[in-house]
Amino acid sequence: MTTMRISQLAARTGVPATTLRLYESAGLLPADRTPAGYRVYGQDAVERLAFIGVAKDLGLPLEEIAELLRVWGLLSALFTVT
């Protein structure tokens with residue numbers, strides 16, 4: 001799996017690093033950490049940010065977006081074939 005640091009994710013998505021940190025603290029965007037403490041994200045973060053962007057454009061507050069992301073995660077876990 002390819003990973004990106006926060007600056008790379010910000011450049012790829014156009015979402016400022018400060019906003020990415022806010023989303024992480026709000027539970028919208030989980031991040032792994034390197035041994036040195038750097039945030040790292042996978043491709044799924046790009047998809048989550050696209051979803052968050054659409055939800056924000058529809059006027060949903062972050063709390064509701066977080067709930068939708070929880071449901072999305074549950075559904076993904078149920079229907080993922082390994």
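Keep in mind that this is a model prediction, so the values were computed, not measured.
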Pairs meeting criterion ring-ring contact (aromatic ring centres under 6.0 Å, His included) with involvement of residues 48-67, two or more places apart: F51-W72

Listed partners of S25 passing side chain to side chain contact (heavy atoms under 4.5 Å, CB included), at least two apart: L22

Let me confirm one number: the [atom1]-[atom2] distance from [X] to [Y], rounded to the nearest 0.5 Å.
| X | Y | atom1 | atom2 | answer |
| --- | --- | --- | --- | --- |
| L29 | D44 | CG | CG | 8.5 Å |
| Q43 | T3 | CD | OG1 | 11.5 Å |
| L20 | L28 | CG | CG | 11.0 Å |

Shortest non-hydrogen contact from Y41 toward A31: CE2-CB, 3.4 Å

Which atom of A10 lies closest to which atom of A17, heavy atoms considered: CB-N, 3.9 Å

Going by heavy atoms in the side chains, are [X] and [Y] under 4.5 Å from each other?
| X | Y | answer |
| --- | --- | --- |
| L62 | Y23 | yes |
| I6 | E24 | no |
| R39 | R33 | yes |
| L9 | L49 | yes |

Shared-cluster residues of L58, by chain and number - hydrophobic side chains joined below 4.5 Å: V54

Which residues share a salt bridge (Lys or Arg N to Asp or Glu O under 4.0 Å) with R48, sequence neighbours left out: none

Pairs flagged by salt bridge (charged side-chain N to carboxylate O under 4.0 Å, His left out) wherever residues 56-69 is involved - sequence neighbours left out: E67-R70

Sequence neighbours excluded - salt bridge (charged side-chain N to carboxylate O under 4.0 Å, His left out) pairs with any residue from residues 10-23: none

ILVMFWY cluster, V15 and L60 together (side-chain gap under 4.5 Å): yes

